Amino acid sequence: MLDKTFDPKTAEPRLYKAWEDAGAFKPTDDPDAPGFSIVIPPPNVTGSLHIGHALNNTLQDVLIRYHRMKGDAALWLPGTDHAGIATQMVVERQLAAAGNASRRDMGREAFIEKVWEWKAESGGTIVNQLRRLGASCDWSRERFTLDEGLSEAVRKVFVTLFKQGLIYRDKRLVNWDPQFQTAISDLEVEKKTVKGSYWHFAYPLEDGSGEIVVATTRPETMLGDTAVAVHPSDERYKHLIGKCVRLPIVGRPIPIIADEYADPEKGSGAVKITPAHDFNDFQVGKRHNLPSINILDDYARINDNAPKEYRGLDRFEARKRIVAEFERLELLREIEPTVHDVPYGDRSGVVIEPYLTDQWYVDAPTLAKPAIKAVEDGRTVFEPKNWEKTYFEWMRNIEPWCVSRQLWWGHRIPAWWGPDGKVFVEETEAAAKAAALEHYGREEPLRQDEDVLDTWFSSGLWAFSTLGWPQNTDDLRRFYPTNTLVTGFDIIFFWVARMMMLSLHFMGDVPFQRVFINALVRDAEGAKMSKSKGNVLDPLGLVDQYGADALRFTLTAMSGAARDIKLSTQRIEGYRNFGTKLWNATRFAEMNGCVRDDAFDPASVKLSLNRWMRGEVTKTAAEVTKAIEGCAFDHAANALYRFIWNIYCDWALELAKPILTGDDEAAKAETRATIAWVLDVCLKLLHPVMPFITEELWAQTANDTPDRGLLITARWPQLPASYIDPAAEAEISLIVAAVSEGRSVRAELNVPLSAKPDLLIIEATDAQRATLEGAAAVIAQTLRVSGVKSVSVAPEGSIPFVVEGATLALPVAEYIDLAAEKTRLAKDIANYAQDIDRTEKKLGNADFVARAPDEVVEENRERLAEAVDAKAKLEGALARLAAVG
RNA sequence: GGACGCGUAGCUCAGCGGGAGAGCACCUCGUUGACAUCGAGGGGGUCACAGGUUCGAUCCCUGUCGCGUCCACCA
């Protein structure tokens with residue numbers, strides 16, 4: 001006997017362990033099984049599971065469980081990302097909190113050791129959280145972006161790209177994070193709109209003939225100005241081109257140049273040029289051969305290229321002093337308030353500086369070309385397809401990718417420098433030494449490049465490095481390319497694009513055939529969840545509260561949202577109840593001896609109820625299958641919800657009750673078997689979304705077939721269309737409609753429950769009559785009537801209603817309020833009248849009859865006839881009622 | 001400045017060319033052995049607005065308004 005409800009707290013860990021012990025997460029060894037693989041978007045080792053992970057991983061699990069049941073060799077390959085900056089930051093903070101020596105004090109080696117220690121301690125958190133969710137990853141293949149195999153892949157890729165000229169060293173402006181003292185990529189910069197000022201500075205002409213006014217939002221950069229630019233056709237300044245101004249404070253003479261970058265409409269029309277600290281100015285400087293004077297150090301303090309009194313000052317302090325100095329010199333012409341975009345580091349949260357440094361770059365524009373082509377050709381498709389536009393937009397305008405980071409935690413760049421600045425890029429130090437020996441003709445000391453690679457460099461290899469590349473492994477042959485990548489749109493650029501580029505280059509094939517972009521989860525108010533806002537819903541808390549299945553079902557059912565999901569606990573509660581509903585339906589089946597019988601042949605059932613049930617579950621199975629195949633996960637969930645609750649529980653089981661308690665043993669046996677079989681199909685169909693409760697019910701209903709194994713490895717239902725039976729559908733539909741309408745009449749007229757009239761058939765086709773009379777027992781129970789009787793004339797005061805053209809009635813005159821009944825009839829009549837009116841108009845339109853499809857016209861004719869008929873019947877009833885009253 | 005998405009019942013969302021649906025919330029009734037984490041019934045919507053295409057538009061097209069997100073070098 002089943003317990004009263006499902007207890008997720010005790011069942012979930014037990015079931016998960018059973019799956020793992022059975023090796024169910026490993027792909028089948030069957031060599032004929034087609035491969036189906038998913039690589040997990042590796043979460044940061046620093047991280048803990050947030051609701052976005054929960055959604056993303058639930059959908060992956062739905063896919064993988066479905067394909068596993070379908071018989072594919074289904075591999076979901078898990079792992080984590082070392083997350084360079086994020087992890088280094090966490091550990092540094094931890095060191096500081098514990099009062100330890102800082103990173104720089106303790107030195108590189110000791111610090112990295114600390115990070116590994118920390119990783120060993122808490123790196124497993126998120127992975128264990130995934131287990132709580134029910135994620136059926138093959139943990140035996142778990143990878144980490146910094147493990148030995150992946151590091152080998154990283155070195156090989158770097159060296160190969162370098163030798164192919166696709167990685168190179170360049171001195172240009174980068175986004176510099178003064179907090180971490182490292183370069184970051186464009187993608188790691190967040191623009192924030194802030195209030196600021198334009199400071200209008202006067203720069204005196206060197207010949208004393210006047211001044212030129214420039215405006216800037218960043219006064220401190222004037223220390224590095226090397227020109228003033230005006231537009232070549234700007235009449236106001238034409239005569240000044242070629243002259244010099246003397247840069248205040250610094251005293252350096254700088255030229256006035258003509259460049260179209262200067263916008264005559266903007267400010268004074270003249271613009272200061274600081275090539276070392278502004279991306280635009282850098283370009284201008286290149287065009288005019290201007291010197292680039294860097295005035296900042298790695299911490300964004302003023303450096304020794306500036307006058308003494310400013311050296312060592314923080315950039316913002318320097319700004320204040322420079323403005324003050326201009327004011328003192330009477331060269332500050334105006335302070336104009338403005339709002340403008342300022343770049344911030346996405347991790348550090350500090351203002352990013354454009355900073356002139358030597359860095360390693362990947363030639364992304366070249367690698368992007370095949371990656372664009374692959375999507376154009378449909379070798380990789382985005383789902384939903386709109387996202388391809390976003391992908392193309394980014395890829396077609398891609399900039400060189402700065403991959404070096406001045407951090408310690410990450411893949412050290414495999415480049416060694418000779419004493420003369422010659423670089424040897426090799427996979428190992430030994431190989432670099434050998435190359436150096438050959439180059440110099442003698443042994444020279446080599447120094448490895450200090451920098452590490454951008455985290456996304458190694459995760460860019462994820463689709464093939466995790467399968468064993470650069471070795472030619474069985475996994476690689478079997479599972480590459482992967483089938484579907486499930487991820488959020490926020491990392492299309494960071495990750496998807498890079499995987500496309502690097503995978504195509506090294507594997508000659510796309511990393512995945514399909515990219516499913518899942519929605520972003522927000523709180524119930526639609527705000528992005530963030531720790532600082534305090535609106536984060538902790539998925540594990542929700543799992544504790546409602547069970548993993550309820551959370552999974554909720555996320556799946558809501559995953560259709562175009563861009564974001566607003567999650568509320570009410571919704572989760574509702575789907576928890578859905579699980580309970582299924583649980584209780586199983587209890588009902590159990591109590592009524594509905595026992596699974598593997599010899600049962602659904603094709604053999606005779607009773608219309610059972611034929612109908614069989615057809616309905618067949619339709620649902622087809623719907624769910626199609627939905628999952630097409631990543632329409634919400635449709636799959638909703639179809640299951642509707643079938644299990646509104647069809648199976650509300651009607652099938654209710655209609656079965658009289659049979660199950662009746663004397664017809666043959667009917668009873670068939671119905672029991674059908675109920676058990678349908679339940680079985682439901683458990684299978686629902687398993688990918690609600691794995692725990694379905695697995696538990698599968699076990700609890702094992703009966704005498706305990707050896708049939710776990711549900712997780714059961715076969716996905718494939719039901720023939722011949723299971724759908726239109727005749728049975730017609731019969732059940734009439735019964736359902738009659739009962740529903742009858743209930744409505746009773747409720748609206750407040751007929752007491754104790755009243756047990758007959759259901760009268762006044763007028764109906766022979767088939768309808770036979771159906772209703774044959775279902776007398778069922779109708780008696782569900783509608784709470786005594787029986788079903790055919791009469792030629794409705795008795796005085798009986799309440800008529802029309803169902804599918806048949807006129808039925810309930811003789812409940814003694815219980816009802818005449819006025820209420822008149823009102824009810826009048827309302828129904830009015831509805832029919834409105835319908836008749838509209839349909840007549842439509843059919844009266846010659847264009848409609850001529851142009852609309854025949855079946856639509858026919859449908860309207862039928863509708864009209866039915867409405868006219870029903871209206872007449874009700875009017876007759878109303879007239880009789882009026883006569884009585 | 002570009003691009004994308006969204007405006008449907010009080011709330012959250014389905015539907016997307018032939019008479020608008022669900023869940024929650026609300027109101028009424030219900031302790032019949034699966035289920036009160038439930039059952040039965042009910043109220044509630046000029047489908048943002050304006051044009052257009054069509055026999056017919058919530059659905060397709062154009063524009064407007066509102067909300068959101070991403071991208072972009074403007075001093």
Side-chain angles (χ1 to χ4, degrees), chain A residues 2 4-6 186-187 191 198-200 214-218 221 229 261-263 266-274 278-283 338 340-341 354 384 386-387 389-390 393-394 397 489-490 492-493 519-520 522 524 526-528 546 550 557-558 560-568 570-571 573-592 634-635 638 641-642 645-646 649-650 653-654 657 739-740 743-748 750 752-753 781-784 834-835 838-839 842 845-853 855-857 859-860 863:
Chain A
L2 281 175
K4 190 132 170 90
T5 54
F6 177 59
D186 298 345
L187 288 174
K191 299 255 159 57
Y198 281 136
W199 283 275
H200 294 250
V214 295
T216 180
T217 54
R218 307 200 46 206
T221 62
Y261 166 65
D263 180 354
K266 201 126 202 157
S268 63
V271 58
K272 63 192 268 310
I273 300 298
T274 321
D278 183 284
F279 287 99
N280 288 309
D281 294 5
F282 187 72
Q283 296 304 324
T338 183
H340 60 135
D341 287 344
N386 300 343
W387 291 107
K389 197 161 181 172
T390 306
E393 181 65 21
W394 165 257
N397 298 296
F489 63 82
D490 49 332
I492 290 178
F493 305 145
L520 193 71
R522 295 165 181 276
K528 197 166 174 171
Y546 301 103
M558 300 185 78
R563 282 240 175 159
D564 43 50
I565 292 176
K566 292 175 196 159
L567 190 68
S568 75
Q570 268 189 335
R571 192 89 181 216
E573 203 178 312
Y575 289 129
R576 187 268 321 269
N577 296 353
F578 171 62
T580 306
K581 187 75 183 175
L582 175 69
W583 184 268
N584 280 300
T586 310
R587 256 164 63 97
F588 172 84
E590 186 183 43
M591 286 171 169
N592 285 280
D634 54 331
H635 289 179
N638 291 330
Y641 186 97
R642 238 177 293 123
W645 201 311
N646 303 122
C649 292
D650 284 354
L653 297 186
E654 289 305 322
K657 279 177 182 172
V739 171
S740 298
R743 280 173 176 169
S744 177
V745 167
R746 288 187 72 130
E748 275 185 61
N750 292 318
L753 289 168
Q781 184 156 339
T782 48
L783 186 53
R784 297 169 182 244
Q834 201 181 16
D835 200 22
R838 269 196 273 182
T839 313
K842 205 172 210 175
N845 180 344
D847 276 335
F848 172 73
V849 178
R851 294 181 188 239
E855 71 260 27
V856 174
V857 177
E859 199 182 295
N860 274 276
R863 171 198 289 278

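So you know, we letter chains A, B, ... as the sequences are listed, proteins then strands, and number each from 1. Worth saying up front: this structure is predicted, and the values here are computed from it rather than measured.
Taking only side-chain atoms of F848(A), from C-beta outward, the nucleotide of G41(B), G18(B), A34(B) with the closest atom is G18(B). The nucleotide whose nearest atom lies closest to any side-chain atom of R851(A) is, among U69(B), A25(B), U54(B), U54(B). Each of A14(B), A34(B), G19(B) was ranked by its minimum atom distance to the side chain of A585(A); first place goes to A34(B). Side-chain proximity of D341(A) to the nucleotides C73(B), U37(B), A72(B) is greatest for A72(B). Across A72(B), G30(B), G41(B), the shortest atom-to-atom separation from the side chain of L753(A) is found for G30(B). If you check G41(B), G33(B), G19(B) against the side chain of R863(A), the one that comes closest is G19(B). Relative to the side chain of D263(A), the nucleotides C74(B), C35(B), G18(B) differ in distance, and C74(B) lies closest. Counting only heavy atoms from C-beta on, K389(A) has its side chain closest to C4(B) among A75(B), C4(B), G33(B).
For the OP1/OP2 pair of C71(B) and a distance below 4.0 Å, the side-chain nitrogens and oxygens of W387(A) include no atom meeting the criterion. For N860(A), no side-chain nitrogen or oxygen approaches OP1 or OP2 of G18(B) to under 4.0 Å. In this model, the phosphate group of G15(B) is approached by a side-chain N or O of H635(A) to a distance below 4.0 Å at OP1 or OP2. Dashed line: the shortest gap from a side-chain N or O of K4(A) to OP1 or OP2 of U37(B) is not under 4.0 Å. Contact check, N750(A) against C29(B): no side-chain N or O comes under 4.0 Å of OP1 or OP2. Residue Y198(A) places at least one side-chain N or O under 4.0 Å from the OP1 or OP2 atom of A75(B).
Looking at heavy-atom distances under 4.0 Å, E855(A) makes no contact with the nucleic acid at all. Among the heavy atoms of the strands lying under 4.0 Å from R576(A) is at least one base atom, whether or not backbone atoms are also near. Here E393(A) lies out of heavy-atom contact (under 4.0 Å) with every strand. In this structure, A262(A) reaches the bases: a heavy-atom distance under 4.0 Å links it to at least one base atom across the strands shown. Across all strands, T839(A) comes closer than 4.0 Å to base atoms (heavy-atom distances). Residue contacts for N646(A): at a heavy-atom cut-off of 4.0 Å it reaches no nucleic acid atom on any strand shown.
In this structure, K657(A) pairs ionically with E654(A), as a charged nitrogen and a carboxylate oxygen lie closer than 4.0 Å.
Annotation: Y575(A) is not in aromatic contact with Y546(A) [ring centroid separation under 6.0 Å not met].
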Base-contact (B) and sugar-phosphate-only (S) positions in nucleotides 42-47 of chain B, heavy-atom cut-off under 4.0 Å, - elsewhere
S-----
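Taking a pair to require two hydrogen-bonding distances under 3.5 Å in either a Watson-Crick or a G-U wobble arrangement, U28(B) pairs with A40(B).
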